[in-house]
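The basis for the numbers below is simple: all heavy atoms, side chains too, and nothing from hydrogens, waters or symmetry mates.
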Amino acid sequence: MSAPAPSTLAIVDAEPLPRQEEVLTDAALAFVAELHRRFTPRRDELLARRAERRAEIARTSTLDFLPETAAIRADDSWKVAPAPAALQDRRVEITGPTDRKMTINALNSGAKVWLADFEDASAPTWENVVLGQLNLASAYTRAIDFTDERTGKSYALRPDAELATVVMRPRGWHLDERHLQVDGRPVPGALVDFGLYFFHNAQRLLDLGKGPYFYLPKTESHLEARLWNEVFVFAQDYVGIPQGTVRATVLIETITAAYEMEEILYELRDHASGLNAGRWDYLFSIVKNFRDGGAKFVLPDRNAVTMTAPFMRAYTELLVRTCHKRGAHAIGGMAAFIPSRRDAEVNKVAFEKVRADKDREAGDGFDGSWVAHPDLVPIAMESFDKVLGDKPNQKDRLREDVDVKAADLIAIDSLDAKPTYAGLVNAVQVGIRYIEAWLRGLGAVAIFNLMEDAATAEISRSQIWQWINAEVVLDNGEQVTAGLARKVAAEELANIRAEIGDEAFAAGNWQQAHDLLLTVSLDEDYADFLTLPAYEQLKG
């Protein structure tokens, strides 16, 4: 009896897009279908394991380094594979979505690396998913340009030697892509994004002297890193490129991953190139995992949690020590400021904060850091140039002085700051304004001179939820309740209407965004990710 023919991958409920046939080829879709068949079952098991681990944290209100992997941490002999030439110097990395204009501007920005983002800076409309892939492939063949219809300004790529190296970020393991299905089941967005990009560009990048490089988001354990490693091994064999060609940088942006940094590097050691301190999602993860842990786990206003907070210092210093011990790059966090064209004083204050942040990271031993805007590239570059000089990195700084204990990473109450009424208002403002833009297909949004993405919206709604459930009393004496959150949200909706006018308000998704923020902030059953219910409402 012959084996059944493998199921084909179906494109469902999607309007045709210009030039989609260049991305959605039969061969590329067959590769994505094979990834799905091989790896989605294990993905499902690992998502179930996340829920089990979260239940354990709820029961114990603590975390520790894993006893079962102590031998890996104690073994000083292993290192990750040497970095390829294109990833030796990563002193400044710019982040952003893969729309046409951003693709050109990011590659031209002067940064060493561009994080080409299909994750938190990109709302996963089908258009963004497919045309983002097309833009990257077009950039590698220098077949991309852009003219702004509003201003008439034209954009084109600089010479190859001046372009940033691309490190692409697929979606996290938890998100599915509803437009691609096998046997009626959606394919994980991570495998869609990785699969299409890798299939079309792996050899092309090698021919350019670079390679298929990835940022891995939302990783919660070394077992999830192991799954990615298995994907890489299979994919490299499938297209016939050498093992070890793929390089992955893992975002340490969940509190559980912070306890498994060495194990994550170990699992990916043939393909690992570094770890990144993804600070905003990290705060979200702390709130999410310890949301019912009582007053000692209550985070104050987002903007009061600076990188000098003791528990954040423990996190970043442990990351540098871990990376350098294992020969990997340590990449610092995001400078989210967006320069103002109208307010020089706002710029002056913000530039000083960005410079201080990047000076601290370079002084702590990081090998590079993130910015969200091209105007910040020179500031971050100067901070790292002062420390690095002509060296591509400072992996030789082993930071053996660092000694972080398990309790240090969750010593939230070591921070001398408390939630404020202004902080509650800001959480509501950012939440509504970001979600409204996301529902229009925008994943990276400038709000109050900061570049907000899904991570900052996650913090906003999680803090509202936590403050209500922990019965927090604010600086003005008011207790945070569902009623207070609704009152602040109604006021913000009225303020937005007055700010933009009735016509623009009616044309937007403002009421929908308001309702969704309140749903995920007030529901007793806390949603693991805001983007899961939001995706159900995303058109396109």
Side-chain angles (χ1 to χ4, degrees), residues 83 87-95 109-115 164-165 167 215 249-253 257-258 261 265 273-283 302-338 349-402 404 408-409 415 450-451 455-456:
L87 290 178
Q88 283 285 355
D89 190 333
R90 303 176 63 172
R91 66 187 70 196
V92 180
E93 303 190 352
I94 192 167
T95 72
S109 67
K112 297 291 186 181
V113 165
W114 171 36
L115 185 156
T165 294
V167 180
Y215 259 111
T249 305
V250 180
L251 290 123
I252 302 299
E253 56 184 353
M261 292 189 211
L265 286 176
S273 61
L275 302 177
N276 169 276
R279 59 177 70 170
W280 295 125
D281 256 316
Y282 189 73
L283 293 176
R302 181 187 90 179
N303 294 331
V305 186
T306 67
M307 298 308 292
T308 57
F311 69 98
M312 296 300 279
R313 289 289 289 161
Y315 153 59
T316 56
E317 298 225 290
L318 179 62
L319 189 145
V320 173
R321 176 183 165 90
T322 300
C323 285
H324 289 182
K325 176 183 177 185
R326 302 304 182 181
H329 280 71
I331 307 299
M334 169 69 84
F337 175 67
I338 300 299
V349 171
F351 283 156
E352 287 172 1
K353 286 183 178 176
V354 170
R355 185 171 285 109
D357 186 47
K358 301 311 162 192
D359 282 350
R360 175 188 50 75
E361 288 181 327
D364 283 348
F366 279 96
D367 303 294
S369 191
W370 280 9
V371 298
H373 192 280
D375 289 358
L376 301 181
V377 170
I379 294 173
M381 195 72 76
E382 184 182 333
S383 294
F384 279 89
D385 285 350
K386 281 190 300 190
V387 171
L388 294 179
D390 293 333
K391 294 195 311 179
N393 54 65
Q394 53 182 334
K395 290 193 284 189
D396 56 337
R397 275 194 68 193
L398 297 180
R399 294 303 315 270
E400 290 174 337
D401 55 305
V402 171
V404 173
D408 298 339
L409 292 168
L415 181 60
L450 292 177
M451 185 62 82
T456 46

Examine distances only and state if a side-chain atom of [X] and a backbone atom of [Y] form a donor-acceptor pair shorter than 3.5 Å.
X: His324; Y: Phe366; answer: no
X: Tyr315; Y: Ile252; answer: yes
X: Ser369; Y: Gly333; answer: yes
X: Gln394; Y: Val387; answer: no
X: His373; Y: Ile338; answer: no
X: Lys358; Y: Trp370; answer: yes
X: Arg321; Y: Arg399; answer: yes

Please give me the minimum heavy-atom distance between [X] and [Y], naming the atom from each residue.
X: Ala111; Y: Ala164; answer: O-CB, 3.4 Å
X: Phe384; Y: Asp367; answer: CE2-C, 3.9 Å
X: Ala336; Y: Trp280; answer: CB-NE1, 4.4 Å
X: Ala277; Y: Thr316; answer: CB-CG2, 4.3 Å
X: Phe311; Y: Leu409; answer: CB-O, 3.9 Å
X: Ala335; Y: Val354; answer: CB-CG1, 4.0 Å

Between [atom1] of [X] and [atom2] of [Y], what distance do you get to the nearest 0.5 Å?
X: Thr249; Y: Leu115; atom1: OG1; atom2: CG; result: 9.0 Å
X: Arg355; Y: Ser383; atom1: CZ; atom2: OG; result: 6.5 Å
X: Leu450; Y: Met334; atom1: CG; atom2: CE; result: 10.5 Å
X: Asp408; Y: Met312; atom1: CG; atom2: CE; result: 14.0 Å
X: Lys391; Y: Arg397; atom1: NZ; atom2: CZ; result: 8.5 Å
X: Thr322; Y: Leu265; atom1: OG1; atom2: CG; result: 7.5 Å

A side-chain contact here means heavy atoms from C-beta on lying under 4.5 Å apart; do [X] and [Y] qualify?
X: Glu93; Y: Val167; answer: no
X: Val250; Y: Asn276; answer: no
X: Asp89; Y: Asn393; answer: no
X: His329; Y: Leu87; answer: no
X: Ile94; Y: Val113; answer: no
X: Leu319; Y: Met261; answer: yes
X: Val402; Y: Val320; answer: no

Test: [X] and [Y] ion pair at under 4.0 Å:
X: Arg360; Y: Asp364; result: yes
X: Glu361; Y: Arg279; result: yes
X: Asp385; Y: Arg91; result: yes
X: Asp359; Y: Lys386; result: yes

Report task. Begin from the C-alpha positions of Asp281 and Leu251 and carry the test side chain to side chain contact (heavy atoms under 4.5 Å, CB included) through to its verdict. Result -> CA-CA 9 Å; Asp281 256 316; Leu251 290 123; over 6 Å; no
Report task. Using the six-membered ring wherever Trp is involved, compare the ring planes of Phe337 and Phe351 and label them parallel, tilted or perpendicular (cut-offs 30° and 60°). Result -> perpendicular
Query raised in the report: Is there a side chain to side chain contact (heavy atoms under 4.5 Å, CB included) between Asp357 and Met307 once you walk through the steps?
Result: CA-CA 8 Å; Asp357 186 47; Met307 298 308 292; 4.1 Å; yes
